[in-house]
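Bear in mind the structure is a predicted one, so any value in this text is a computation, not a measurement. Proteins get letters first, then strands, A, B, ... in listed order; numbering begins at 1 in each.
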Amino acid sequence: MKRLADILEQRISAALQKVTGQAFAAMVRVAAEPKFGDYQANGVMAAAKQAKTNPRQLAEQVVAALDIQDICEKPEIAGPGFINLRLKDSFLAARLLEMNTDKDRLGVEKTDTPQTVVVDYSGPNIAKQMHVGHLRSTIIGDCIARMYDFEGHTVIRQNHIGDWGTQFGMLCALFDERFLQISDVTPTRKILGELEAFYIEAKKRFDSDEQFANTARFAVAGLHSGEGPWRTYWESIVRESERHYCEIYEKLSVTLKDKDIRGESFYADKLADVVQTLKQNGLAVESEGAICIFPEGFKNKEGEPLPVIIQKSDGAFLYATTDLAALQFRVQELHADTIIYVTDARQAQHFAMLFAVAKMAGWTDDTIELMHITFGTMLGEDGTPFKTRTGGTVKLKDLLDEAVQRAAAVVEAKNPDLPAEQKASIARAVGIGAVKYADYSNNRNSDYIFSFDKMLAMEGNTAPYMQYAYARIKSIERKAAGKDVDIEGELAGITTLTFTDEAEKDLAKLLIRYDQAIDAAVRECRPNYLTGYLYDLSQAFSRFYSACPVLQADARQRPLRLLLCDLTARTIRHGLSELLGIEVVEQM
RNA sequence: GCGCCCGUAGCUCAGCCGGAUAGAGCAACGGAUUUCUAAUCCGUAGGUCAGGGGUUCGAAUCCCUUCGGGCGUGCCA
């Protein structure tokens, strides 16, 4: 099913071409107000200006040349030269019926130019527990990966975890001290059970105990050379950490799996080559004792060229080195057409420089797209970076647990008679959904204020609003049997649809726009376009629900209403659960 | 100093390539339930889109500038 907005764009552009002899964009948009119709074309005014003709007159000619009666009522010309379009009932009905036959994709077409897309997201530093700072990259990246997937691209998720570096020396040192002989995984868990505390203690010892610090440095050397027990310790720590964050991913319905892990350690033995290559091709030079590359256009405080440092004066490599190795790997081994990095906005300059270096080195060219998808900081209710009352970082697990707990209280208040197990599962879906949705629904570039009270108020533009709309539809379906309504039978037997209420049409018009919403969201990697659509859809449904009885509707009205319910439920479920990773519930 | 992001209703935020009278939610006020879940719906009120200038048929949106906030700016990631 071709996107309606695209069809309209093409038809009107064609008419413009016919009239003016030139190519102009029709600039079709959803109408600003219902009284202007359903869609409007704004392109005539710009075209008239360029062609130096009267816009109203041009609009008349365009409308006269326009072949569109299969889709719209007679177009109207308004204002300085807008062309207003109103969809025909017959067209709406045809689209709905087409969606009805496409259970999986709701009429959303796959891309005709599939690509290999690498999405790099989440990337926790595994020495520590995941905290709120990891939330945005994890879920925004996941939504991007899901959307690209759905559009038919080959998506390669990459979890670039921080599993290498000097901090692992001190962790191994403490590990060594705590447990000299690792026999199986159980004692490992015991030692690392409170990973955060383990890290803090190691850090404390490292800073205060000279002998311990020496052991830590010795451990780093051992890690690199592979001598001694250090690799084994390291593996235990890494494995234990992975267990921890895979648990969080599962809680969050994030699609990252073990196979997506490709941490810093993976690139460790490639770093020397990267530096060597860049030296050989003359890009990397020594400066103040470090090996640097100076991409054009970047300056430091003194206005001098700013370097990307790839090797410190002591010989050690840096994260820029690892990032370059990863970039090269993704292009050359994973054959990426597009690489999307989902990290916070503070790293914008780092990635800009990185991309510049990759281009200088000839690793990428104009056929490969490198995107840094940025997002703002999560703030507490006082507007400062989000912390616990005592000033510590908030652990992701604690935050999610609290959300679920709060949701459980609401479920208990609203629906105390449900079985305990079902109440618990609703609380999970609602609580986690609320946290994710609050993040998704904001423009990712702005900092946003995290507030349990707001996101779990469960009124207005929140995940529960949509989950509720979905649950109401499911409730209708459950009641249907008792009222001798055979939904499946009626849906299968529909041949014509009759609109008798504006609320039906408003809902239908939104339903057929799902493809457009996804397209906008994926094009700019902005999940909030998708949440905005789903909210509009749910609102249209709620209006429809209060205006139009379904099961009691007469035989003429009921097929359409059943179809609208079914398509709405499927769209909400698909949007929430397949694209945003937010669970839906049958009852709430 | 330079660079990036941000400034929209009392609060939290949308506003897609410049389009018609700038939109939601929360809070406030008033209404709606013998009928499929009221976690809902309908209505009222609320704005110098930080200020100024420019581009043009048209600017919250693009450009310049001032103010205010955040972040980054050579060996952390």
When rounded to the nearest Å, what value does the distance between C1' atoms of B/C2 and B/A9 take?
36 Å
Can you check the distance between B/G19 and B/G69, where both ends of the measurement are the C1' atom (answer in whole Å)?
31 Å
What is the pairing partner of B/U33, taking Watson-Crick or G-U wobble pairs with both distances under 3.5 Å in any strand?
none
Have a look at A/Thr374 and say if it touches a base, only the backbone sugar-phosphate, or nothing, with a 4.0 Å heavy-atom cut-off.
nothing
Would you call A/Leu562 and A/Val550 a side-chain contact if the rule is heavy atoms closer than 4.5 Å?
yes
Assign A/Asn443 to base, sugar-phosphate, or nothing according to its heavy-atom contacts below 4.0 angstrom with the strands shown.
sugar-phosphate
Suppose you measure atom C1' in B/A22 against the same atom in B/C13; what distance do you get, rounded to whole Å?
14 Å
May I ask you to evaluate whether A/Arg29 reaches the phosphate of B/C16, defined as a side-chain N or O under 4.0 Å from OP1 or OP2?
no
Now, which nucleotide makes the Watson-Crick or G-U wobble pair with B/C71, with each of the two distances under 3.5 Å?
B/G3
Could you tell me whether A/Phe298 and A/His350 have their ring centroids closer than 6.0 angstrom?
no
What is the nucleic acid contact for A/Lys49, judged by heavy atoms within less than 4.0 Å: base, sugar-phosphate only, or nothing?
base
Determine whether the side chains of A/Asn461 and A/Tyr437 contain a donor N or O and an acceptor N or O closer than 3.5 Å.
yes
Can you tell me if A/Lys203 has over 12 outside heavy atoms packed within less than 6.0 Å of its NZ?
no
Syn or anti for B/C17? Use the chi torsion, O4'-C1'-N9-C4 for purines and O4'-C1'-N1-C2 for pyrimidines, with syn inside 90° of 0.
syn
In whole Å, measure the gap between the P atoms of B/A28 and B/G74 for me.
50 Å
Can you tell me the base-pairing partner of B/C76? Count Watson-Crick or G-U wobble geometry only, both distances below 3.5 Å, and say none if there is no partner.
none
Sticking with atom C1', work out how far B/C49 lies from B/C41, rounded to a whole angstrom.
30 Å
When all nucleic acid strands are considered with a 4.0 Å heavy-atom cut-off, which category describes A/Tyr535: base, sugar-phosphate, or nothing?
sugar-phosphate
Would you classify A/Ser446 as touching base, sugar-phosphate or nothing, given that sugar-phosphate means primed atoms plus P, OP1 and OP2, and contacts are heavy atoms under 4.0 Å?
sugar-phosphate
Would you please classify the geometry between the A/Trp164 ring and the A/Trp234 ring as parallel, tilted or perpendicular, with 30° and 60° separating the classes?
perpendicular
Does A/Tyr465 have a side-chain nitrogen or oxygen under 4.0 Å from the phosphate oxygens OP1 or OP2 of B/C41?
yes
Looking only at the side chain of A/Arg478 (C-beta and beyond, no hydrogens), which of the listed nucleotides B/G74, B/A20, B/U37 gets closest?
B/U37
Determine the Euclidean distance between corresponding P atoms of B/A24 and B/C42; express it in Å to zero decimal places.
11 Å
Answer for the Watson-Crick or wobble partner of B/A45, both distances under 3.5 Å, is none
Nearest to the A/Met45 side chain among B/C76, B/G19, B/C16, which nucleotide is it?
B/G19
Under 3.5 Å, is there a donor-acceptor pair linking the side chains of A/Thr322 and A/Glu264?
no
Would you indicate what A/Leu306 reaches in the nucleic acid, counting non-hydrogen atoms under 4.0 angstrom: base, sugar-phosphate, or nothing?
sugar-phosphate
Identify the nucleotide, in any strand shown, that forms a Watson-Crick or G-U wobble pair with B/A24, with both distances under 3.5 Å; if there is none, say none.
B/U12
Please classify the nucleic acid contact of A/Lys479 as base, sugar-phosphate, or nothing, using heavy-atom distances under 4.0 Å.
sugar-phosphate
hbond_proxy A/Tyr319 side chain to B/A77 base (donor-acceptor, 3.5 Å cutoff)
yes
Determine whether a donor-acceptor pair (one donor, one acceptor, N or O, separation below 3.5 Å) exists between the side chain of A/Thr462 and the base of B/G25.
no
When the C1' atoms of B/G47 and B/C4 are considered, how many whole Å apart are they?
29 Å
Heavy-atom nearest nucleotide on RNA chain B taken for A/Gly532 and for A/Ile476; more 5' hit belongs to A/Gly532
How far does CD of A/Glu9 sit from CZ of A/Arg3, to the nearest 0.5 angstrom?
11.5 Å
Test for a donor-acceptor pair under 3.5 Å between the base of B/A77 and the side chain of A/Asp344, counting only N and O atoms.
no
